[in-house]
Asks: 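Once you've had a glance at the structure underneath, I'll fire off some questions.
Per chain, numbering begins at 1; letters A, B, ... match sequence-line order.
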There are 2 protein chains.
Amino acid sequence: MAQGTSRRARSENSKEQILQAALRLAVERGYEGTTMADVSAESGLPIGSVYWHFKNKEQLFVELLEHCHAEWLKIHSGPIAVRDKVTRGIAGQVREDPGGYSREEALLKVAMILALDKRLGGLGEDSEVRRTYIRIRSKMFEVNVRHLADSLPGDVVEAFPELPEKLAVLSLALTDGFYVHANSAIRIDFAEYADLAALALEGLVDRYVKLARERKSISTAAG
Amino acid sequence: MAQGTSRRARSENSKEQILQAALRLAVERGYEGTTMADVSAESGLPIGSVYWHFKNKEQLFVELLEHCHAEWLKIHSGPIAVRDKVTRGIAGQVREDPGGYSREEALLKVAMILALDKRLGGLGEDSEVRRTYIRIRSKMFEVNVRHLADSLPGDVVEAFPELPEKLAVLSLALTDGFYVHANSAIRIDFAEYADLAALALEGLVDRYVKLARERKSISTAAG
DNA sequence: GTCTATAGGCCGATAGAC
DNA sequence: GTCTATCGGCCTATAGAC
């Protein structure tokens, strides 16, 4: 560490190192599969330091989720088309980057793993890790709904206000589903399937667009 | 146990009890979350009996998977339409039956949990539980592809031989995706979404049907 | 703030009586 | 075949020197 590096800065650096190590391990091994000793070894810091920065294992994962969520929010701003939402999501879940995951992908991966890791923090449903995961997932979902709404034609959203939410659920389900598939060793061309999935959802949008236009022309003719 | 119950029959009965207990627990808690002591308690048999019937924890789960797969195969025979495949799959994954799961649903649930439970049997990728899961999932997938192929119009399958496989992947992804969603405490009307998902895939099929018919009329006109 | 050593608890697996 | 008692190993968390 160079001269002039404050104690405070070094401490923050250690904390960051621990979080990054925990992230790398959690993505590979899940919650139960990641031990505090592993985190200590991977970060290069002794286990005492880990417990100095984080009260316990549960708190480490709570902060890890919040850390990733903050990064995700930074990146995801502005509207996004259904097609991009689906293809980006699937691509992100599936990529096997040996050198580590981008922060955008990281939250989704960690979130997915924690979603299905039973017995988080020993008591399942009631653990703070789980509550944090649920809170963050619902925030991400709201953001997605808003961005999809912004990307759809205004008259369609007006006619079917629940459409953005429906699309968000479906695109999230597809993203999650392909993550599961990626963990099941049946090799497929994910890019091709991302296109296909996008096509399917776009077909749905087209249907609603037509419905909206029909309604409009009827009400215009009537009024 | 009544008179005339052979030692052999009682032994088989014990084994079945243990498997059922393991199934109930695994669905709720996953692999790591289910201890041999739990299985022993849930089955009502002492832990020594569990180890008499199964060499170790890994072997117990291997046989559990194979047991469920056999049941699944019994039920899933004959063609099935895309719509039914999707709606049935989603409904099965999501239902919260307090009294236990039907055997049809059980394999899918257990398979899903094991798919994402990292560090199965201590060594992740190389565990026998994982290999068994991979083998069974690929068998189930083949069966689904064949049944979907049987349910599609013959000329479409002829024109696009890869379509049944694509639909199987998408419908499986949707099923899996909604399972994840069901574990994330954002409450939605799954029946409605099952319809929507089916609609999206049917739209895809329609597109391919049209393409096949167009091709046919072109080649007929040309020939 | 950093690090080592270790306490304390839980789990998989076995030994051995019946 | 069934059951109990127990061992060894791993994991979280803490105590306490520096």
Side-chain angles (χ1 to χ4, degrees), chain A residues 1-2 4-19 21-22 25-26 28-64 117-124 127-129, chain B residues 1-2 4-19 21-22 25-26 28-64 117-124 127-129:
Chain A
M1 214 60 60
T5 309
S6 72
R7 199 169 297 219
R8 166 90 187 215
R10 253 192 302 156
S11 175
E12 282 304 306
N13 192 32
S14 293
K15 193 165 179 176
E16 174 72 18
Q17 272 183 304
I18 293 167
L19 282 172
L25 294 171
E28 297 277 322
R29 310 180 187 178
Y31 181 82
E32 294 276 336
T34 301
T35 71
M36 293 300 262
D38 290 341
V39 173
S40 150
E42 175 81 16
S43 70
L45 273 60
I47 197 165
S49 296
V50 178
Y51 277 99
W52 193 88
H53 287 288
F54 305 93
K55 203 185 86 201
N56 53 27
K57 187 180 178 181
E58 203 173 351
Q59 199 57 35
L60 168 61
F61 275 78
V62 166
E63 292 201 30
L64 177 59
D117 220 321
K118 308 289 177 181
R119 281 235 310 213
L120 289 174
L123 276 159
S127 77
E128 200 182 336
V129 181
Chain B
M1 216 59 58
T5 309
S6 72
R7 201 170 294 218
R8 167 90 187 215
R10 253 191 302 154
S11 174
E12 281 305 306
N13 192 31
S14 292
K15 194 166 179 176
E16 174 72 18
Q17 273 182 302
I18 293 166
L19 281 172
L25 294 172
E28 297 278 321
R29 310 181 189 178
Y31 181 82
E32 294 276 334
T34 302
T35 71
M36 293 300 263
D38 290 341
V39 173
S40 151
E42 176 81 14
S43 69
L45 272 60
I47 197 164
S49 297
V50 178
Y51 276 100
W52 193 89
H53 288 287
F54 305 92
K55 205 186 84 202
N56 53 28
K57 187 180 179 182
E58 202 173 352
Q59 200 57 34
L60 168 61
F61 276 78
V62 166
E63 293 201 29
L64 178 58
D117 220 320
K118 309 290 178 181
R119 280 237 307 216
L120 289 175
L123 276 159
S127 79
E128 201 182 335
V129 181

Asks: Return the value, rounded to whole Å, for the distance between atom NZ of A:Lys57 and atom P of D:dT14.
Replies: 15 Å

Asks: Apply side-chain contact (heavy atoms from CB on, under 4.5 Å) to the pair B:Gln59 and B:Glu128, showing each step before the final yes or no.
Replies: CA-CA 8 Å; B:Gln59 200 57 34; B:Glu128 201 182 335; 3.8 Å; yes

Asks: May I have the distance from B:Gln59 (atom CD) to C:dG12 (atom P), rounded to whole angstrom?
Replies: 16 Å

Asks: Checking side chain to side chain donor-acceptor pair (under 3.5 Å) against A:Arg29, which of A:Thr35, A:Thr34, A:Asp38 comes through?
Replies: A:Asp38

Asks: Got a second to check how far A:Glu16's CD is from A:Asn13's CG, nearest 0.5 Å?
Replies: 7.5 Å

Asks: Polar atoms only, N or O, under 3.5 Å: list the protein pairs with nucleotides 16-18 of chain C and their distances.
Replies:
none

Asks: Between B:Tyr51 (OH) and C:dC11 (P), how many Å, whole number?
Replies: 12 Å

Asks: Determine the minimum heavy-atom distance between B:Ile47 and B:Ser40, stating which atoms define it.
Replies: N-OG, 3.4 Å

Asks: Given 3.5 Å as the limit, does a donor-acceptor pair link the side chain of A:Ser49 with the main chain of A:Leu45, or not?
Replies: no

Asks: Has B:Lys15 got its NZ or CZ under 6.0 Å from the middle of the six-membered ring of B:Phe54, at an angle within 45 degrees of the ring axis?
Replies: yes

Asks: Can you confirm if the NZ or CZ of A:Lys57 lies within 45° of the ring axis of A:Tyr31 and under 6.0 Å from the centre of its six-membered ring?
Replies: yes

Asks: Looking at C:dT2, I'd like to know if its phosphate oxygens (OP1 or OP2) sit under 4.0 Å from a side-chain N or O belonging to A:Ser14.
Replies: yes

Asks: Give the rounded distance in Å between these two atoms: CD1 of A:Ile18 and P of C:dG1.
Replies: 12 Å

Asks: Rounding to an integer number of Å, can you tell me how far A:Glu32 CD sits from D:dT12 C1'?
Replies: 11 Å

Asks: Quick one: B:Trp52 CH2 to C:dT14 C1', roughly how many Å, whole number?
Replies: 16 Å

Asks: Would you indicate, yes or no, if C:dT2 has its OP1 or OP2 atom less than 4.0 angstrom from a side-chain nitrogen or oxygen of A:His53?
Replies: yes

Asks: Specify the closest pair of heavy atoms between A:His53 and A:Ser14, including all atoms of both residues, with the distance to one decimal.
Replies: NE2-CB, 3.6 Å

Asks: Near DNA chain D, under 4.0 Å by heavy atom, which residues of residues 34-47 of chain B?
Replies: B:Pro46, B:Ile47

Asks: Quick one: NZ on B:Lys55 to CG on B:Leu60, what's the gap to the nearest 0.5 Å?
Replies: 12.5 Å

